[in-house]
Amino acid sequence: DDIVDSQHYAAGSIDTAHLADDQITLAKMAAGTDGNIISYDASGNPVAIATGSDGQVLTSGGAGAAPSFAAAPSHRNDIINGGLVVNQENVTAPADDDYTIGDLFLHVGEGTPVMSLETDGPQGTRPWQKMVLDANAQGGLAYIVPNDTVQDYIANGKMSFGIQLKTTAATIANARIGVIKWTGTADAVTKELVGTWASDGTNPTLATSLSYENTPANIGLTTSWARHTVEDVTVDSDTKNIILFVWTNDGTITASDVIGFSEWQLNPGSTVHAFSSHGRNIVQHQVDNYLQRYDYNVTAGEMISGGGVSTGNTTSQAVFHFRTQFYTVPAITSSTAATFLMQDVGFESTLSSIAFQKVGRSAMRVSGIGATGLTLGRGMSFYRDGSDTTWIMADARIGV
């Protein structure tokens, strides 16, 4: 019948050379599962890659392995300044329950440790917090997570934390990590986390409205940096703030023993991410939401605030704008009034008193009193004097 069809061909007899290019259409392919993609297995044969979940991404399994769908990698780290690149206040001898090196890290402990910021951390010149302890003094560092960030953790239901730790030649054998929840008023966390320090090998009793969400246990320290994690911790709906507390639990500490802290990492979810930190400029902006220190100690005559006005022959006022808006209204401290000058056209005076008024999240008013000589209503500015270190600090850090 002059027709050649499939019954005239032996099975598998048509080779690649006798198939024209671009002739296998989608319609001629075998049906598959919606969402699957085609790859090749270790033998080079086509294989269907099963559909992932909504929001997942295709991830390579490396040479000789099929790809798969997995959650997109995350670089989230909710520890502000976890890489310790900002250190404005530089408190090197913190009292118990006071903020110290790294600006947002709270010293909680016995004795009077000496803190410093070192630059030979776990990666190149990355900084680390060095704590030199008194003999047999339990103590460590804590970080308070603000309430607005905690909402993500409640929604996720889980959290994970990681940190790099080490000791020095005078070895501290152990440290412990506590994940603590605060159920009191949001962002009014007590800085006195420990109610009673316990003996070596026993976790301290926490203050009212604080509770451990994990079971802190000994972590062996060595003289090399090692990462330690606490993962898959449940976050309850009544959590107002989360506190990460890392402390020594070694009753054999001798004076001048050292514990080092670096690369603080916190994220929602059941596993801790690889350590991640923004660049210095971004971290500075993040820290500025809680602490801003203005040091005028480089050049005599540095302007502190312009756009002011003389309100009398001895008084003046000016508006001081913060670098960025604060998380809440800050408390203001400064160097003595005598380190400041006020100046209008043709007159300059060292201050006998200075006050910071109408403090808000974005700005405040600076009021000063000096010698007679100002002209009422004339424009003026505040400066540092020519010899002293002048500073203003605005503090909105969490903890009472």
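The hydrophobic cluster containing W182 also contains V233, counting ILVMFWY residues as joined when their side-chain heavy atoms lie under 4.5 angstrom apart, directly or transitively. L291 and I101 are members of different hydrophobic clusters when ILVMFWY side chains are connected at heavy-atom separations under 4.5 Å. By the criterion of side-chain heavy atoms lying less than 4.5 angstrom apart, applied directly or through intervening Ile, Leu, Val, Met, Phe, Trp or Tyr residues, V366 is not grouped with V309; the two fall into different hydrophobic clusters. Residues L84 and V283 share a hydrophobic cluster, clusters being chains of Ile/Leu/Val/Met/Phe/Trp/Tyr side chains in contact below 4.5 Å. By the criterion of side-chain heavy atoms lying less than 4.5 angstrom apart, applied directly or through intervening Ile, Leu, Val, Met, Phe, Trp or Tyr residues, I163 is grouped together with Y212 in one hydrophobic cluster.
Contact of the L141 side chain with the M115 side chain is registered, since non-hydrogen atoms from C-beta on lie closer than 4.5 Å. Using a 4.5 Å heavy-atom cutoff, the side chains of R397 and E89 are in contact. With contacts defined as side-chain heavy-atom distances shorter than 4.5 Å, the pair W225/W128 qualifies. Under the 4.5 Å side-chain criterion, counting only non-hydrogen atoms from C-beta, D236 is in contact with E213. Counting only heavy atoms from C-beta outward, the side chains of F275 and S262 never approach each other to under 4.5 Å. For the pair S362/H321, no side-chain contact is recorded, criterion being any heavy-atom separation below 4.5 Å from C-beta on. Between D232 and K158 the shortest side-chain heavy-atom distance falls below 4.5 Å. Residues T333 and F356 form no side-chain contact, since every pair of their non-hydrogen atoms from C-beta on lies 4.5 Å or further apart.
The minimum heavy-atom distance linking L244 with M159 is given by the pair CD1-CE, 4.1 Å. The nearest pair of heavy atoms linking V108 to L193 is CG2-CD1, 4.0 Å. For L376 against G312, the heavy-atom pair with the smallest separation is CD1-N, 3.5 Å. Considering all non-hydrogen atoms of both residues, L221 and I172 come closest at CB-O, 3.4 Å. P113 and P94 make their closest contact through O-CD, 3.8 Å (heavy atoms, listed as atom of the first residue, atom of the second, distance). A pairwise comparison of heavy atoms in I49 and A66 identifies CD1-CB, 3.8 Å as the closest pair.
More than 12 non-hydrogen atoms from other residues, nucleotides or ligands lie less than 6.0 angstrom from CG of L19. Counting non-hydrogen atoms of neighbouring residues, nucleotides and ligands closer than 6.0 angstrom, the CD atom of E110 exceeds 12 such neighbours.
In this structure, OG1 on T215 lies 13.0 Å from CD1 on I177, to the nearest 0.5 angstrom. Separation of atoms OG (S160) and CG (L266) is listed at 8.5 Å; rounding is to 0.5 Å. Taking CD1 of I243 as the reference point, atom CD1 of I398 lies at 9.5 Å (rounded to 0.5 Å).
Under a 3.5 Å cut-off, the side chain of T183 and the backbone N or O of D238 do not form any donor-acceptor pair. The backbone N or O of G109 sits less than 3.5 Å from a side-chain atom of D96, completing a donor-acceptor pair. Between the side chain of R126 and the backbone N or O of V85, no donor-acceptor pair lies under 3.5 Å. Between the side chain of D15 and the main chain of H18, a donor-acceptor pair closer than 3.5 Å is present. Of the possible polar contacts, one joining the N267 side chain to the H273 backbone as a donor-acceptor pair under 3.5 Å is found. In this structure a side-chain-to-backbone donor-acceptor pair under 3.5 Å is present from Q292 to T324. No donor-acceptor distance shorter than 3.5 angstrom exists from the side chain of S349 to the backbone of M342, with no hydrogens or angles considered. When atom types are taken as modelled, the side chain of D344 and the backbone of G379 share no donor-acceptor pair closer than 3.5 angstrom. Checking side-chain atoms of Q23 against main-chain N and O of D21 turns up a donor-acceptor pair under 3.5 Å. Counting only distance, with no hydrogens or angles, the side chain of N289 and the backbone of F326 share no donor-acceptor pair below 3.5 Å.
For the 3.5 Å distance criterion, the side chains of H285 and D288 fail to qualify, holding no donor opposite an acceptor. Checked by atom type, the side-chain pair D395/Y99 shows no donor-acceptor distance below 3.5 Å. Neither side chain, T222 nor K166, offers a donor N or O lying under 3.5 Å from an acceptor on the other. Residues S381 and Q343 bring no donor and acceptor atom of their side chains to less than 3.5 Å of each other.
Relative orientation of the Y294 and Y296 rings is parallel, given thresholds of 30° and 60° on the angle between their planes. Between F161 and W264, the ring-plane angle classifies as tilted under the 30° and 60° cut-offs.
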message = Could you walk me through whether D134 and T112 satisfy the side chain to side chain contact (heavy atoms under 4.5 Å, CB included) test, starting with their C-alpha distance in whole Å, then the side-chain angles of each, then the deciding distance to 0.1 Å, before giving a yes or no?
response = CA-CA 7 Å; D134 292 343; T112 53; 3.4 Å; yes
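Taking the ring centroids of F105 and F261, they lie at or beyond the 6.0 Å cut-off.
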